[in-house]
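Both ligands and their constituent atoms are indexed starting at 1 by order of listing.
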Amino acid sequence: SEARGNNGPHSADVGPSGRKIIYDKDGKPCRSCNTLLDFQFVSKTVSPTPQSEKGNIEGSKVYKKVDPPDVEQLGRSSWTLLHTVAATYPEVPSDHQKKEMNQFMNIFSHVYPCSWCGKDFEDYIRNNAPKVDSREELGKWLCDAHNEVNEKLGKEKFNCDLWKKRWVDGWN
Ligand code: FAD
């Protein structure tokens, strides 16, 4: 029941990916809430030029014309940040560090740019309070939270016994 407008160039309920198109309050398609494919389908602001052919920003030898992230790119980067934050969380945190981590997870869910993703994460936190008593506990809690999203999206669940290999120690 997200707010949506009807003034988009190809205003639609469902995109080519089969997923519901999410609109911002101003009626424009939300880039960080939709897949790139769906966003491009309903938005006239994106040229059909592939990213790889867009070249550098005018006047720069270094920076490419990279577009803002879609829901998947934003998600991969965000999980990397979250799991890496957990991977470097103290084994024995102070009361202050526990309080801050708890606040961080709550605030993160409020400011997450894909609003419906953030809302679900907020609900998850309400029903499953962040386990902030140690790195191990936080890592497992986050792995379970990520698996909840994996399940919602029809993806394979990650084996949380391997969380440390993936995010702390590496595989060798
Ligand atoms: P990702 O799910 O991004 O995972 C990246 C890597 O993390 C994987 O390659 C794997 O190595 C590792 N990994 C996978 N599962 C786990 C786990 N359980 N524990 C530890 N490591 C793991 N997208 C939506 O479409 N709808 C949503 O409602 C939604 N909610 C989100 C909520 C949050 C808080 C975040 C951060 C992202 C959300 N996303 C959502 C994005 C979505 O979870 C994925 O990031 C996105 O679909 C890209 O998926 P991916 O297959 O590349 O791998």
Side-chain angles (χ1 to χ4, degrees), residues 1-4 8 12-25 28-43 46 50-52 66-91 93 98 100-172:
S1 62
E2 287 82 3
R4 57 156 300 185
D13 289 327
V14 176
S17 76
R19 289 164 60 149
K20 188 176 172 217
I21 302 287
I22 308 297
Y23 294 84
D24 286 329
K25 288 197 181 79
K28 291 189 184 144
C30 168
R31 196 191 274 265
S32 52
C33 313
N34 295 295
T35 63
L36 187 59
L37 182 71
D38 289 348
F39 179 79
Q40 288 179 331
F41 174 71
V42 287
S43 169
V46 175
Q51 192 81 56
S52 57
V66 177
D67 284 323
D70 72 335
V71 70
E72 295 189 318
Q73 205 188 340
L74 174 70
R76 275 191 289 276
S77 307
S78 301
W79 286 122
T80 298
L81 172 70
L82 289 172
H83 288 299
T84 309
V85 163
T88 54
Y89 187 65
E91 314 253 9
K98 291 182 197 176
E100 280 197 332
M101 184 54 69
N102 198 31
Q103 287 175 335
F104 171 72
M105 290 299 169
N106 276 286
I107 294 170
F108 184 90
S109 74
H110 297 161
V111 301
Y112 195 67
C114 165
S115 48
W116 59 290
C117 309
K119 179 74 180 57
D120 284 357
F121 192 48
E122 185 186 346
D123 291 346
Y124 185 83
I125 290 176
R126 194 175 306 116
N127 297 323
N128 307 272
K131 295 199 173 139
V132 294
D133 284 345
S134 68
R135 176 185 302 173
E136 190 81 22
E137 283 196 25
L138 183 64
K140 286 281 167 63
W141 176 84
L142 201 54
C143 186
D144 287 340
H146 192 163
N147 270 338
E148 181 91 355
V149 181
N150 288 343
E151 199 168 25
K152 181 173 79 175
L153 299 178
K155 297 185 188 192
E156 184 184 326
K157 280 196 179 189
F158 189 88
N159 178 352
C160 290
D161 291 338
L162 303 177
W163 177 84
K164 265 187 114 181
K165 280 194 190 296
R166 173 65 178 90
W167 296 106
V168 185
D169 299 327
W171 299 91
N172 296 315

Derivation of the side-chain contact (heavy atoms from CB on, under 4.5 Å) call for W167 and L82:
CA-CA 10 Å; W167 296 106; L82 289 172; over 6 Å; no
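- Remark: ligand 1 and R19 share an N or O pair separated by less than 3.5 Å (distance only, no angle test).
- The nearest heavy-atom contact from the protein to atom 15 (N) of ligand 1 is N150 ND2, 3.0 Å.
- The aromatic rings of W141 and F121 lie tilted to each other, with the angle between the two planes from 30° to 60°.
- Panel note: side chain T88, backbone V85; a donor-acceptor pair is recorded below 3.5 Å.
- Remark: R76 engages no residue in a salt bridge (charged side-chain N to carboxylate O under 4.0 Å, His left out) (not counting sequence neighbours).
- Comparing R76, K155, H146 by heavy-atom distance to atom 49 (O) of ligand 1, the nearest is K155.
- For ligand 1 and V149, the ligand atoms under 4.0 Å from any heavy atom of the residue are 29 (C), 30 (N), 31 (C), 40 (C), 43 (O).
- In this model, no donor atom of one side chain and acceptor atom of the other lie less than 3.5 Å apart for D144 and N147.
- Less than 4.0 angstrom separates some heavy atom of C117 from each of these atoms of ligand 1: 26 (N), 27 (C), 28 (O), 29 (C), 30 (N), 31 (C), 32 (C), 40 (C).
- For a threshold of 3.5 Å applied to N or O pairs, the pair formed by F158 and ligand 1 contains no separation below that value.
- The option from W79, F121, W116, Y124 that lies nearest to atom 33 (C) of ligand 1, judged by heavy atoms, is W79.
- When atom types are taken as modelled, the side chain of N34 and the backbone of I22 share a donor-acceptor pair closer than 3.5 angstrom.
- Shortest contact from atom 7 (O) of ligand 1 to any protein heavy atom: W167 CZ2, 3.5 Å.
- Between S78 and ligand 1, not a single N/O pair is under 3.5 Å apart.
- Checked against a 3.5 angstrom limit, the closest N/O atoms of K152 and ligand 1 fall inside it.
- Closest protein heavy atom to atom 8 (C) of ligand 1: R166 NH2, 4.6 Å.
- The contact set between ligand 1 and L153, taken as ligand atoms under 4.0 Å from a residue heavy atom, comprises 23 (N), 24 (C), 25 (O), 26 (N), 42 (C), 47 (O).
- Every ring pair (Phe, Tyr, Trp, His ring centres under 6.0 Å) that Y112 has, sequence neighbours left out, goes to F108.
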